[in-house]
Amino acid sequence: MDSSMMTAPQLAAEAGVSLPTVHKLLDQQGVPRSGRGSARAVPAAAATAILNDASEGVSETELRILTALWPAPLGYVSRRALSRRAGVSPTTASRYVDRMIRLGLVDERDEARVDGGDVHTVPVIRAVDGPFWQEMRPLLNRHRERLMPKSLPEQKVPRGYWHLFWNADPAKLRVGTDGQYIARRMLTSFDPGAELWALQHIPEAEVRAAVRGRGIHPSVSALVDNWFRH
């Protein structure tokens with residue numbers, strides 16, 4: 001058996017259902033049974049489908065964590081950051097992230113991040129795009145406004161990003177009048193924090209105008225399209 005595959009007992013424990021229920025669902029999906037004395041191997045696609053079978057029955061806590069994770073293209077630099085966004089305890093968020101990593105639905109890997117002009121390597125938590133998240137999207141969208149209310153947009157550039165505006169006075173910049181300029185500088189800074197701030201606080205029309213010009217890397221345009229598509 002592939003060591004990366006889950007077994008039926010493991011899937012039952014992860015899904016919070018009985019082992020006979022898991023076997024019945026695997027039968028319906030055509031997953032072959034194992035020989036006597038061997039645990040039934042479960043392909044990743046089948047495990048994802050079974051977890052999604054009960055998606056309407058997920059708890060409020062799970063809904064909060066899932067909604068925080070998707071969509072979040074820039075990810076979270078810590079489990080505590082995820083817990084704050086989801087409104088759950090750090091212990092609960094960490095336990096759920098561990099579960100999602102085992103299922104291949106969330107990834108946690110070291111990435112270079114810019115903070116105040118300095119580069120640091122931090123573990124970033126991010127959802128792994130795939131069938132599970134696409135199937136869960138209608139459910140998450142129905143609850144998003146209730147669970148993840150949008151904060152009022154800021155008008156001033158935070159002091160921590162002033163170093164990006166070396167040929168202007170950042171203290172005088174305002175989103176209402178300089179949105180396109182601010183967006184272009186932040187989205188081309190390779191600073192995920194600045195990118196996220198621009199996407200959250202600058203109107204979509206200004207952001208899209210900022211990335212239409214020459215010299216914009218395709219990955220920046222893709223980030224903007226992905227953000228506003230959701």
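Here the structure is a predicted model, which is why all the values come from computation and not from measurement.
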A.B. asks: Flag the pair Lys172 / Lys156 as yes when at least one side-chain heavy-atom distance between them is below 4.5 Å, and no otherwise.
C.D. replies: no

A.B. asks: Measuring from Ile182:CD1 to Gln155:CD, what's the distance to the nearest 0.5 Å?
C.D. replies: 8.5 Å

A.B. asks: Determine the minimum heavy-atom distance between Leu63 and Thr67, stating which atoms define it.
C.D. replies: O-OG1, 2.6 Å

A.B. asks: One pair to check against side-chain contact (heavy atoms from CB on, under 4.5 Å): Thr92 and Ile65. What are the steps and the verdict?
C.D. replies: CA-CA 9 Å; Thr92 297; Ile65 297 173; 4.2 Å; yes

A.B. asks: Minimum heavy-atom separation for Val31 to Ala46, with atom names?
C.D. replies: CG2-CB, 3.9 Å

A.B. asks: When rounded to the nearest 0.5 angstrom, what distance separates CD in Glu108 from CE in Met100?
C.D. replies: 13.0 Å

A.B. asks: What residues form a salt bridge (charged side-chain N to carboxylate O under 4.0 Å, His left out) with Asp98, not counting sequence neighbours?
C.D. replies: Arg79

A.B. asks: Measuring from Arg184:CZ to Ile202:CD1, what's the distance to the nearest 0.5 Å?
C.D. replies: 13.0 Å

A.B. asks: Hey, are the side chains of Val42 and Gln10 touching, using non-hydrogen atoms and a 4.5 Å cut-off?
C.D. replies: no

A.B. asks: For Asp27, what residues pass the side-chain hydrogen bond (donor to acceptor under 3.5 Å, both in side chains) criterion, not counting sequence neighbours?
C.D. replies: Arg33, Arg40

A.B. asks: Can you sort out the partners of Arg159 under salt bridge (charged side-chain N to carboxylate O under 4.0 Å, His left out), two or more places apart, ordered by chain and number?
C.D. replies: none

A.B. asks: If you compare all heavy atoms of Pro9 against all heavy atoms of Leu19, which two are closest, and at what distance to 0.1 Å?
C.D. replies: N-CD1, 3.7 Å

A.B. asks: Assigning hydrophobic clusters by single linkage (Ile, Leu, Val, Met, Phe, Trp, Tyr; side-chain heavy-atom cutoff under 4.5 Å), is Val128 placed with Met136?
C.D. replies: no

A.B. asks: In a check of side chain to side chain contact (heavy atoms under 4.5 Å, CB included) between Leu173 and each of Tyr161, Phe165, Trp162, which one passes?
C.D. replies: Phe165

A.B. asks: Of all residues at least two apart in sequence or in a different chain, which pass the side chain to side chain contact (heavy atoms under 4.5 Å, CB included) check with Ala127?
C.D. replies: Trp70, Trp133

A.B. asks: Taking only residues two or more places apart in sequence, or in another chain, which ones meet Ala45 in a side chain to side chain contact (heavy atoms under 4.5 Å, CB included)?
C.D. replies: none

A.B. asks: Which residues pass the side chain to side chain contact (heavy atoms under 4.5 Å, CB included) test with Ala205, not counting sequence neighbours?
C.D. replies: none

A.B. asks: Can you list the residues that meet the side-chain hydrogen bond (donor to acceptor under 3.5 Å, both in side chains) rule with Asn167, with sequence neighbours excluded?
C.D. replies: Tyr181, Arg185

A.B. asks: Looking at residues at least two apart in the chain, or sitting in another chain, which of them share a side-chain hydrogen bond (donor to acceptor under 3.5 Å, both in side chains) with Thr91?
C.D. replies: none

A.B. asks: Ser221: what forms a side-chain hydrogen bond (donor to acceptor under 3.5 Å, both in side chains) with it, not counting sequence neighbours?
C.D. replies: none

A.B. asks: Could you give the distance from CZ (Phe132) to CG (Leu66), rounded to the nearest 0.5 Å?
C.D. replies: 5.5 Å

A.B. asks: Sequence neighbours excluded, which residues qualify as side chain to side chain contact (heavy atoms under 4.5 Å, CB included) partners of Ala93?
C.D. replies: Ser83, Val88

A.B. asks: Which heavy atom of Arg64 sits nearest to which heavy atom of Gly87, and what is that distance?
C.D. replies: CD-O, 4.4 Å

A.B. asks: Grab the two heavy atoms, one from Ala210 and one from Ile216, that are nearest each other, plus how far apart they are.
C.D. replies: O-CD1, 4.0 Å

A.B. asks: Do side-chain atoms of Asp178 reach the backbone of Arg174 as a donor and acceptor pair under 3.5 angstrom?
C.D. replies: yes

A.B. asks: Test your reading of the model: is there a side-chain donor-acceptor pair from Ser94 to the backbone of Pro90, 3.5 Å cut-off?
C.D. replies: no

A.B. asks: Which pair of non-hydrogen atoms, one from Val124 and one from Gly75, has the smallest distance, and what is that distance?
C.D. replies: CG1-CA, 4.1 Å

A.B. asks: Within the structure provided, determine whether Val211 and Thr188 are in side-chain contact (heavy-atom separation under 4.5 Å).
C.D. replies: no

A.B. asks: Should Leu196 and Trp227 be marked as a side-chain contact (heavy atoms from CB on, under 4.5 Å) after you check the CA-CA gap, both sets of side-chain angles, and the distance that decides it?
C.D. replies: CA-CA 10 Å; Leu196 180 59; Trp227 179 271; 3.5 Å; yes

A.B. asks: Which is it for Glu62 and Arg99 under the side-chain contact (heavy atoms from CB on, under 4.5 Å) test, yes or no, and what are the steps along the way?
C.D. replies: CA-CA 11 Å; Glu62 290 173 322; Arg99 171 185 172 184; 3.3 Å; yes

A.B. asks: Stepwise, does the side-chain contact (heavy atoms from CB on, under 4.5 Å) test hold for Arg126 with Val106?
C.D. replies: CA-CA 6 Å; Arg126 184 183 289 110; Val106 166; over 6 Å; no

A.B. asks: How would you list all residue pairs meeting salt bridge (charged side-chain N to carboxylate O under 4.0 Å, His left out) that involve residues 198-210, not counting sequence neighbours?
C.D. replies: Glu204-Arg208, Arg208-Asp225

A.B. asks: Mind checking the CG-CG spacing from Leu11 to Leu25? Nearest 0.5 Å is all I need.
C.D. replies: 8.5 Å

A.B. asks: With rounding to the nearest 0.5 angstrom, report the CG to CG distance, Leu82 to Leu69.
C.D. replies: 5.0 Å

